[in-house]
Participant: 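Attaching a single structure in structure tokens format; questions to follow.
Quick note on labels: first sequence line is chain A, next is B, and so on, each numbered from 1.
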Amino acid sequence: MTDNRLPSGGRIDRSLPVDFRFDGRSYAGFKGDTLASALLANGVTLVGRSFKYHRPRGIISAGIEEPNALVTLGAGGRREPNVPATMVELSPGLTAESQNRWPSLGFDLQGINGLFAPLLASGFYYKTFMGPGRRAWMVYEHFIRKAAGLGMAAMEADPDRYETRHDFADVVVVGAGPAGLAAARAAAQAGARVLLVEQDFELGGQMLAEPRGQDWLAGMLAELGSMPGLRLMRRTTAFGLYDGNTLGLLSHADPGAKAAARQVFTLLRAGGIVFATGAVERPMVFSNNDRPGVMLASAIRTYLNRFAVLPGRKVVIGAAADSAYRTAFDLAANGAEVVLADSRAEIDPQLLGQAVRSGVEVHAGTLIVKATGARGVRAVELEGRSGPFRRQCDLVGMAGGWTPVLHLTSHLGVKPQYRQDIDAFIPGGLPTGQFAAGAVTGAATAAEAVRQGHRAGSAAAAAAGYDRKVDAAVLPAFEESGLPHAVQALPFGRKKAFVDFQMDVSLDDIALAQREGYESVEHLKRYTTLGMGTDQGKTSNVNAVRAMAALRGTPMEAAGTTTFRPPYAPVAVGAIAGRAKGHHFRPFRRTPMHDWHVANGADMLEVGLWMRPWYFRSFGADVDEAYVAEMRHVRSAAGLMDISTLGKIAVEGPDAATFLDRVYANGFASLKVGRARYGVMLRDDGIVLDDGTTTRIAENSYFMTTSTAKAADVMSWLEFLLDVAWPELRVSVTSVTDEWAGMSVAGPKSRAVLAAAFPAIDVSNEALPHMGLVEGTFRGSRLRIVRLSYSGERAYEIYVGASQGLAAWEHLLAMGKDSDLRPYGVEALGALRIEKGHVAGPEIDGRTTLADLGMARMVAKRSGYIGAVLGQRPAFLAPDRQRVVGLECAESGKRLRGGAILFAPDEAWQGHGRGRVTSTTFSPDIGKSIGLGLLAADFAGDEVVAVYPMKNEVVRARVVSPVFLDPMGERMHG
Amino acid sequence: MGSFSAFSLLRHAIGGNRHWQRHWRAASPKPSYDVIVVGGGGHGLATAFYLAENHGIRNVAVIEKGYIGGGNVGRNTTVIRSNYLLDGNTQFYEFSMKLWEGLSAALNFNVMFSQRGQIVTAHSADQMDAFSHRANIMRLNGIDAEILGRDEVRRLVPYLDFSDTARFPIHGAILQGRAGTARHDAVAWGYARAASGHGVDIIENCEVIDFLRKGDRIVGVETTRGRIGAERVGLAVAGHTSVLSRKAGLELPIESHVLQAFVTEPVKPLVDHVVAYGADHFYVSQSDKGGLVFGGNLDGYNSYAQRGNAGVLQEVCEAAVALMPNISRLRLLRHWGGIMDMTPDASPIISLTPVPGLYLNGGWCYGGFKATPASGWCFAHMLATGEVHPLTRGYGLDRFRTGHTLDEAGAGPFAWLQ
Amino acid sequence: MADPTAIQGITITRSRCPLVQWQAWGDDDDGFARFAAGRLGASLPAEVGQIVKSDGVTAVKIAPRRFWLLASDPDTVPRGLPGTLGAELDLGEGRERIDIRTPALRDVLARCLAVDWDRTQDRAVFAPLHRVPVMFTRGSTEHGTLVVPRTFAQSIADWLEDC
Amino acid sequence: MLRIHCPCCGPRDHDEFRYAGDASVVRPAHDDPDFEAWYRYVYVRANPKGLHREYWQHVHGCRQWLVVERDTATHTIHSVHFAGQQAS
């Protein structure tokens with residue numbers, strides 16, 4: 001294995017060696033290396049296999065655009081596939097594996113796919129695998145899926161931690177190359193709060209690979225480091241630009257530091273933005289241009305100068321731009337033999353002179369047409385003005401021109417513009433407050449980038465309102481040539497000339513797509529999968545558009561580009577989720593008595609965000625046993641229920657009565673002080689929104705309760721009506737859900753419980769009749785007792801200031817001991833209301849009207865309430881409209897189930913039936929399974945069958961009144 | 001146009017793939033057609049195909065302002081299912097499912113319809129009841145459905161969060177085995193190729209600017225490529241239905257909203273089903289290329305921009321990790337938006353209109369992809385006969401006046417909440 | 001801030017939050033202002049988010065014509081707004097006060113609230129924290145106070161402690 | 001994130017708000033019996049591609065209902081006002 005590390009130079013820290021493993025072998029690199037630079041330093045050139053043909057692949061780039069060198073990091077729950085080795089900061093103990101190969105990277109059985117390439121051309125799968133039989137595809141697909149995909153994902157939960165942050169800055173500068181550094185300096189000097197974001201772990205961008213720019217860079221960094229208004233975020237990729245000038249940032253932890261979070265997602269609200277995102281070099285298209293050892297020329301220069309790695313000794317560089325020469329000179333200076341094939345006929349004489357002095361052999365008007373060698377490049381075939389020739393080599397450089405990294409600038413829909421002179425797309429007209437500077441605009445030299453950055457930084461600060469005087473830009477002191485580069489001639493007809501390395505899309509594939517009519521670049525992308533890899537086509541996009549434009553005979557600008565979508569670089573799903581996972585996924589909402597329930601044997605249940613006691617284990621081993629026992633207990637003695645989750649709204653003001661009278665379908669104008677009333681609210685379309693009770697506490701003060709589920713909706717709705725519809729009403733609404741603990745005491749002994757618990761309050765039937773209110777205090781907190789029944793028993797809702805909720809609960813249980821007061825859960829609560837025929841969520845399903853719920857009489861003589869007009873539409877009055885009924889199981893040993901479909905006894909069991917069972921329970925009183933259902937009003941029979949195909953069950957049921965219990969209400973009124 | 005098969009693939013491969021032809025003809029507009037379908041998306045192309053295939057009407061043009069399949073058919077998460085509750089929806093979507101099952105063969109184009117099954121998790125007893133109700137309705141209508149207990153779900157999809165720290169524990173699930181996914185672009189291309197083969201003109205890069213009228217009647221369209229006459233004009237431009245309808249003087253109960261879709265980097269097979277999270281807005285499947293394709297809720301405000309906001313990105317990723325803690329390290333590759341016609345009951349509109357000569361297909365909300373074949377079938381019937389197809393009787397525009405809405409979720413007349 | 005290290009040394013304290021809400025009807029602004037000044041010994045804050053402190057009472061304008069009056073002792077909170085001027089509502093049991101003390105307060109805040117730190121100086125900020133609406137004020141760069149709905153208080157405290 | 005400049009709370013992310021659709025439709029008086037007026041109010045939407053007046057409530061902030069004028073094609077927000085009578 002070759003040692004490609006140069007004895008000196010580079011920005012690596014040779015005092016800190018770092019051991020790592022790749023495919024099971026140990027290697028050594030230095031702090032400051034990337035995995036890619038360390039692999040190259042160790043002479044590892046074969047690092048992966050391609051997606052479709054499993055061709056051997058090496059490292060092409062030195063950055064985020066890397067299409068080939070994808071590795072899997074870590075293992076178990078920490079397994080992370082498809083990571084570009086060029087973006088992995090080397091750290092001790094790093095373990096990487098190559099992927100998409102079996103049994104080994106060197107010998108991959110699926111490499112045979114390459115032999116069948118003509119069969120596997122673009123879109124081949126649309127033309128076959130269609131038979132025999134309808135499900136044939138499922139068989140083929142099984143194998144295709146296994147072959148596709150790149151690395152393997154983890155099967156275990158990710159054990160690492162992620163964080164999300166919010167941030168704000170007056171000016172955000174994306175990219176810390178020459179333009180970005182200059183922009184940040186100018187903006188900060190102007191007085192703006194500046195945030196400079198850089199994806200690399202070092203600041204400097206292309207300047208890091210420029211030996212002549214090191215002084216400038218050091219000076220700049222020193223100055224920026226001392227500016228108070230400037231913050232730096234390294235290892236941070238701005239991956240998306242969203243509406244509202246919001247940027248999505250992803251920061252990686254410093255692998256050398258002990259960080260609690262692996263990655264941090266920051267949502268950054270920016271005033272002005274400077275995009276100094278640079279450019280990536282464009283590959284050249286020739287046969288076998290994907291062989292390991294074929295690299296971007298600028299990447300070679302980066303490995304050489306930044307990482308002190310000489311990836312080859314005999315180098316051929318294909319050039320369409322002047323930048324290739326810098327790579328050639330630096331290679332030659334480090335002892336490499338360099339041949340430069342410049343596709344241009346005209347070359348800057350100064351460069352030529354320098355080439356001669358450096359010993360670089362330059363061939364003008366010459367193209368590389370083919371690389372040879374299998375697992376590594378051995379030679380290239382060239383075609384020059386004097387005909388074809390061949391050169392042995394172990395490294396090939398590609399300098400096909402530059403592609404501005406304009407992705408972010410177009411995430412909000414700004415269309416890129418084509419610039420003929422540099423054969424590239426640059427950002428289109430940016431909206432106010434956004435600026436682009438440096439190579440992203442096509443700037444060819446560092447000096448030009450700095451000048452643009454300086455201007456953009458000042459302008460962005462000014463746009464954000466900061467215009468203090470700014471010092472002149474500090475320009476780098478070295479010369480660069482910047483002749484326009486040549487438009488690449490694409491070698492149509494040559495085999496295996498790849499345009500998109502990762503997706504294995506060649507020129508042939510593009511030609512085929514065009515032949516078949518997939519001419520739009522969007523069709524091209526979708527048909528060939530071009531640009532759809534993890535690199536999102538950063539190196540392939542322009543070459544592909546050029547190919548299609550050439551095939552169609554249209555100009556580049558007419559061919560256009562595909563839409564750039566966030567994220568600019570892949571972002572872990574877990575990083576965006578941050579800490580909102582597991583039990584933190586959503587906050588918990590706990591009643592004041594929550595801890596008591598948990599400590600006293602309640603099985604808790606999630607109800608929206610709330611936690612509620614489902615049942616108490618003291619009543620039975622499981623819910624089915626317990627809830628029936630709880631029901632019996634409520635009906636025979638007394639039960640205590642935590643109802644703090646009900647929505648509670650204070651309605652105050654001189655016009656509150658008028659307001660409620662409109663809001664509720666049934667009338668509230670006549671409600672007297674000290675009395676409560678059940679009310680139903682409709683939506684504007686006449687469908688029931690919610691139900692609850694409202695109590696008139698004082699002349700201008702009401703206490704409304706809503707269902708647990710609809711509390712927030714009702715609150716907003718009331719505010720809407722007051723703000724928008726009826727601003728003339730002097731009414732104030734405030735949510736007091738958190739203010740009051742609520743508990744209900746129900747059962748024949750409930751009054752005795754209350755009398756014992758609150759001896760100072762008269763709770764006699766006369767003083768506190770059904771729907772009556774008494775007020776008092778409990779341990780310094782306000783106390784409201786409203787006599788309301790959900791269960792059909794005599795029952796009281798007790799509201800006490802939340803701080804005393806637990807105390808009141810325990811007090812009631814203690815004082816109610818003689819009456820055998822025991823707590824019960826929501827399962828029993830739901831069952832008790834079914835026996836009483838009270839409708840709830842399963843019946844109020846967003847499709848039912850008042851009449852459907854059997855409450856048409858409530859509004860018989862009313863108008864002017866919400867939902868009155870549209871509630872009279874023909875569909876709501878149809879004779880087969882489904883209405884709430886009671887159902888009683890008519891077969892012993894069987895039970896009704898929610899979700900069963902109702903049919904007439906003589907009907908075929910198909911279609912949608914006459915209705916359905918909505919809620920069911922076993923009724924200890926009746927000794928049967930009973931339920932509520934919605935049944936067509938024109939159904940005349942008194943018996944239905946409830947069909948439940950999921951359990952192959954058919955149960956006969958009698959249609960009865962929904963009020964199973966105490967139809968005269970003697971229990972609750974007594 | 002030559003038929004596609006393994007043999008043709010081999011024959012062409014030997015010939016260096018140089019003799020494949022365009023999949024659909026590049027047509028220029030004729031002065032007039034029997035029927036013009038505006039919109040070269042899945043629904044419009046399917047309509048054109050069935051006009052020719054079922055009704056023998058071949059003098060048909062599909063007019064597309066951009067490239068075909070560039071709208072929602074090429075932007076959705078490709079889920080196909082027929083698990084609908086309400087009378088009208090159930091039968092329509094099951095009919096569509098049956099058409100899907102024979103679609104590759106009917107089109108001689110592999111649309112990669114893969115019946116991998118859809119699982120929707122349930123997180124409460126009430127939700128289990130609601131799913132049972134749905135499953136019972138499905139079975140009673142001849143549609144496959146199963147209710148799974150927690151352990152059965154765990155056997156099928158062990159990577160979901162079955163731990164003690166799950167915020168909303170999984171109680172069970174509803175499964176439709178015949179549900180699945182298809183290759184969305186291939187649906188547009190397959191219909192285009194088959195329609196073109198029947199003589200239909202597919203006219204791309206041709207935008208409708210206005211309608212041509214004779215008295216009250218619409219008799220064609222004015223386009224960026226000239227005037228084109230037609231006996232009947234059908235709109236199939238979901239997302240932009242309001243914009244075009246206004247030109248015809250039609251007022252609609254439609255709002256345009258954005259729904260985002262997300263795809264991760266490709267990985268080896270991980271998710272074999274379509275899985276949806278019953279406790280929040282998240283659904284996921286894995287494409288044949290290996291990427292996890294997922295989605296969530298609408299962005300929540302009227303929008304004609306085919307991009308989404310960062311808030312929904314966060315919501316969706318949170319739900320993703322809550323349901324599948326193992327995908328936390330997987331990386332999101334792209335996310336984008338599609339514009340939905342949202343209706344006040346989340347059900348579609350295939351309807352005659354008050355404007356003679358104009359027929360409407362729209363309002364597909366976020367469920368249009370799965371409906372593509374049946375929508376095309378029934379809309380073609382309407383355009384051919386002038387009559388409502390029996391399967392779409394519930395989809396008329398008048399239902400909002402009469403109250404016969406089909407509100408599966410019961411969310412009410414609030415497009416952004418549907 | 002770029003370094004995502006866990007917050008070291010955070011102290012979370014929960015306490016009661018005595019509080020009265022005044023809502024003015026808006027048809028007698030002068031009368032309301034006079035009454036309030038009499039009770040408070042200072043003028044009510046003019047803008048939403050503005051804070052006025054007087055005699056152990058903190059008055060915050062939380063919305064147009066709506067004010068919160070907070071004190072550490074429930075008996076200190078002014079009461080007695082006449083119904084002709086507006087509505088008075090005691091909200092002292094439905095909220096909890098959570099005090100956060102940490103040198104990294106700014107970082108904690110960045111992880112919790114989508115609010116620009118530089119705009120929280122001397123202001124009461126109403127914003128969601130882990131989806132729960134809260135009021136945030138800061139006494140110094142190392143001490144912040146949240147007023148949170150009581151039923152979410154435990155969950156919020158857990159979330160903060162996990163920072 | 002859309003950034004909505006709440007007249008009370010300053011610029012905030014839109015997900016602090018509850019959306020409530022078209023604000024240009026006219027809500028009939030509570031006792032208006034006109035079916036057509038209610039039908040249009042509840043169902044008919046102009047759904048413009050361009051400027052749209054719409055309701056947002058700052059539920060996680062001051063709870064005020066606002067009318068926001070926004071371009072549905074670009075998401076540029078042109079104005080934000082209180083929905084009700086001018087609040088102070």
Participant: Contact between B/Leu332 and A/Pro567 at the side-chain level, heavy atoms closer than 4.5 Å - yes or no?
Facilitator: yes
Participant: Please state whether the side chain, the backbone, both or neither of B/Leu313 comes within less than 4.5 Å of a heavy atom of chain A.
Facilitator: both
Participant: Is chain B contacted by the side chain of A/Ala147, its backbone, both, or neither, given a heavy-atom distance below 4.5 Å?
Facilitator: backbone
Participant: Side-chain contact, heavy-atom cut-off 4.5 Å: A/Arg565 with B/Gln306?
Facilitator: yes
Participant: Which atoms of B/Ala125 are under 4.5 Å from chain A, going by heavy atoms: the side chain, the backbone, both sets, or neither?
Facilitator: neither
Participant: Give, as side chain, backbone, both or neither, the part of B/Ser104 having an atom under 4.5 angstrom from any heavy atom of chain A.
Facilitator: both
Participant: With only heavy atoms counted, which part of B/Glu204 is less than 4.5 Å from chain A, the side chain, the backbone, both or neither?
Facilitator: side chain
Participant: Take A/Glu516 and B/Gln21 through the test side-chain contact (heavy atoms from CB on, under 4.5 Å) and record every step on the way to the result.
Facilitator: CA-CA 5 Å; A/Glu516 295 190 310; B/Gln21 290 170 9; over 6 Å; no
Participant: Please check if the side chain of A/His912 supplies one atom and the backbone of B/Leu85 the other of a donor-acceptor pair under 3.5 Å.
Facilitator: yes
Participant: Strictly under 6.0 Å, is that where the ring centroids of A/Phe124 and B/Trp20 end up?
Facilitator: no
Participant: Could you check whether any side-chain N or O of A/Arg526 sits under 3.5 Å from a backbone N or O of B/Gly74, counting only pairs where one atom can act as donor and the other as acceptor?
Facilitator: yes
Participant: Using a cut-off of under 4.5 Å on heavy-atom pairs, state which of B/Gly16, B/Ser114, B/Ala135, B/Ala6 scores highest against chain A.
Facilitator: B/Ser114
Participant: Would you name the heavy atoms of B/Leu270 and A/Ala154 that are closest together and state the gap between them?
Facilitator: CD1-O, 3.9 Å
Participant: Side chain from CB out, backbone as N, CA, C, O: work out which of these in B/Ser163 comes under 4.5 Å of a heavy atom of chain A, or both, or neither.
Facilitator: neither
Participant: Which one of B/Thr90, B/Asp129, B/Val267, B/Asn205 has the most heavy-atom pairs closer than 4.5 Å to chain A?
Facilitator: B/Val267
Participant: Out of the candidates A/Tyr126, A/Phe129, A/Trp137, only one should pair with B/Phe109 under the ring-ring contact (aromatic ring centres under 6.0 Å, His included) rule; please name it.
Facilitator: A/Tyr126
Participant: In the structure I gave you, are the side-chain heavy atoms of B/Ser328 and A/Asp160 within less than 4.5 Å of one another anywhere?
Facilitator: no
Participant: Taking the six-membered ring for Trp, is the centroid-to-centroid distance between B/His23 and A/Tyr527 below 6.0 Å?
Facilitator: yes
Participant: What I'd like to find out is whether the side chain of A/Gln99 reaches to under 4.5 Å of the side chain of B/Lys268, using heavy atoms alone.
Facilitator: no
Participant: If we only count heavy atoms from C-beta on, is the B/Leu140 to A/Phe903 side-chain gap below 4.5 Å?
Facilitator: yes
Participant: Given heavy-atom pairs under 4.5 angstrom as the criterion, report whether the side chain, backbone, both or neither of B/Gln91 touches chain A.
Facilitator: side chain
Participant: Would you confirm whether B/Arg329, through its side chain, and A/Arg78, through its main-chain N or O, come within 3.5 Å as a donor-acceptor pair?
Facilitator: yes
Participant: Would B/Arg167 and A/Phe588 count as a cation-pi pair here, with the cationic atom under 6.0 angstrom from the ring centre and within 45° of the axis?
Facilitator: yes
Participant: Please give me the minimum heavy-atom distance between A/Ala157 and B/Pro325, naming the atom from each residue.
Facilitator: CB-CB, 3.5 Å
Participant: For A/Gly898 and B/Ser132, work out which heavy atoms get closest and say how close.
Facilitator: O-CB, 4.3 Å
Participant: Going from CZ on B/Phe113 to CE on A/Met130, what distance comes out if it is rounded to the nearest 0.5 angstrom?
Facilitator: 16.0 Å
Participant: Using non-hydrogen atoms only, which part of B/Arg25 is less than 4.5 Å away from chain A: side chain, backbone, both, or neither?
Facilitator: neither
Participant: With a 6.0 Å cut-off on ring centres, are B/His335 and A/Tyr242 close enough?
Facilitator: yes
Participant: Which bit of B/Ala319 is near chain A, if near means a heavy-atom gap under 4.5 Å: side chain, backbone, both or neither?
Facilitator: both
Participant: Test your reading of the model: is there a side-chain donor-acceptor pair from A/Asp845 to the backbone of B/Gly410, 3.5 Å cut-off?
Facilitator: no
Participant: B/Ile327, B/Thr165, B/Val316: which one forms the most heavy-atom pairs within less than 4.5 Å of chain A?
Facilitator: B/Thr165
Participant: For B/Phe7, is it the side chain, the backbone, both, or neither that has a heavy atom closer than 4.5 Å to a heavy atom of chain A?
Facilitator: neither
Participant: Measuring heavy-atom distances to chain A, does B/Ile14 have an atom under 4.5 Å in its side chain, in its backbone, in both, or in neither?
Facilitator: neither
Participant: Could you please spell out the steps behind the salt bridge (Lys or Arg N to Asp or Glu O under 4.0 Å) verdict for A/Arg586 and B/Glu318?
Facilitator: CA-CA 9 Å; A/Arg586 293 287 183 266; B/Glu318 287 175 6; 3.2 Å; yes
Participant: I'd like to know if B/Asp407 pairs up with A/Arg847 as an ion pair, taking the criterion as any Lys NZ or Arg NE/NH1/NH2 lying under 4.0 Å from an Asp or Glu carboxylate oxygen.
Facilitator: no
Participant: Can any side-chain N or O of B/Arg331 pair as donor or acceptor with the backbone N or O of A/Asn82 at less than 3.5 Å?
Facilitator: yes
Participant: Looking at B/Asn136 and A/Met950, would you say the former's side chain and the latter's main chain have a donor-acceptor pair under 3.5 Å?
Facilitator: yes
Participant: Given heavy-atom pairs under 4.5 angstrom as the criterion, report whether the side chain, backbone, both or neither of A/Leu870 touches chain B.
Facilitator: neither
Participant: Checking heavy atoms, do the side chain of B/Leu86, its backbone, both or neither come under 4.5 Å from chain A?
Facilitator: both
Participant: I would like to know whether A/Lys581 and B/Asp161 meet salt bridge (Lys or Arg N to Asp or Glu O under 4.0 Å); could you show each step before the answer?
Facilitator: CA-CA 10 Å; A/Lys581 64 178 186 179; B/Asp161 191 351; over 6 Å; no
Participant: Hey, does the side chain of A/Arg515 reach the backbone of B/Asn17 with a donor-acceptor pair shorter than 3.5 angstrom?
Facilitator: yes
Participant: Does a donor on one side chain sit under 3.5 Å from an acceptor on the other, for A/Thr534 and B/Glu265?
Facilitator: no
Participant: Nearest 0.5 Å, please: how far is CZ in B/Arg134 from CZ in A/Arg916?
Facilitator: 10.5 Å
Participant: Do the non-hydrogen side-chain atoms of B/Arg139 and A/Gln910 ever get within less than 4.5 Å of each other?
Facilitator: no
Participant: In terms of side-chain geometry, is the basic nitrogen of B/Glu101 or A/Arg135 positioned less than 4.0 Å from the acidic oxygen of its partner?
Facilitator: no
Participant: Check each atom of B/Ala411 against the heavy atoms of chain A and say whether the ones under 4.5 Å are side chain, backbone, both or neither.
Facilitator: backbone
Participant: Which heavy atom in B/Leu9 sits nearest to a heavy atom in A/Thr128, and how many Å separate them?
Facilitator: CD2-CG2, 3.6 Å
Participant: Is a side-chain donor-acceptor pair under 3.5 Å present for A/Glu156 with B/Asn326?
Facilitator: no
Participant: Is the backbone N or O of B/Ile68 less than 3.5 Å from a side-chain atom of A/His523, with the two atoms forming a donor-acceptor pair by type?
Facilitator: yes
Participant: With no hydrogens and no angle check, do the side chains of A/Lys127 and B/Asn108 hold a donor and an acceptor under 3.5 Å apart?
Facilitator: no
Participant: With a 4.5 angstrom heavy-atom cut-off, which part of B/Gln127 approaches chain A: side chain, backbone, both or neither?
Facilitator: neither
Participant: If I compare all heavy atoms of B/Val321 with all of A/Ala577, which pair ends up nearest, and what's the gap?
Facilitator: CG2-CB, 3.9 Å
Participant: Which heavy atom in B/Arg307 sits nearest to a heavy atom in A/Gly413, and how many Å separate them?
Facilitator: NH1-N, 4.2 Å
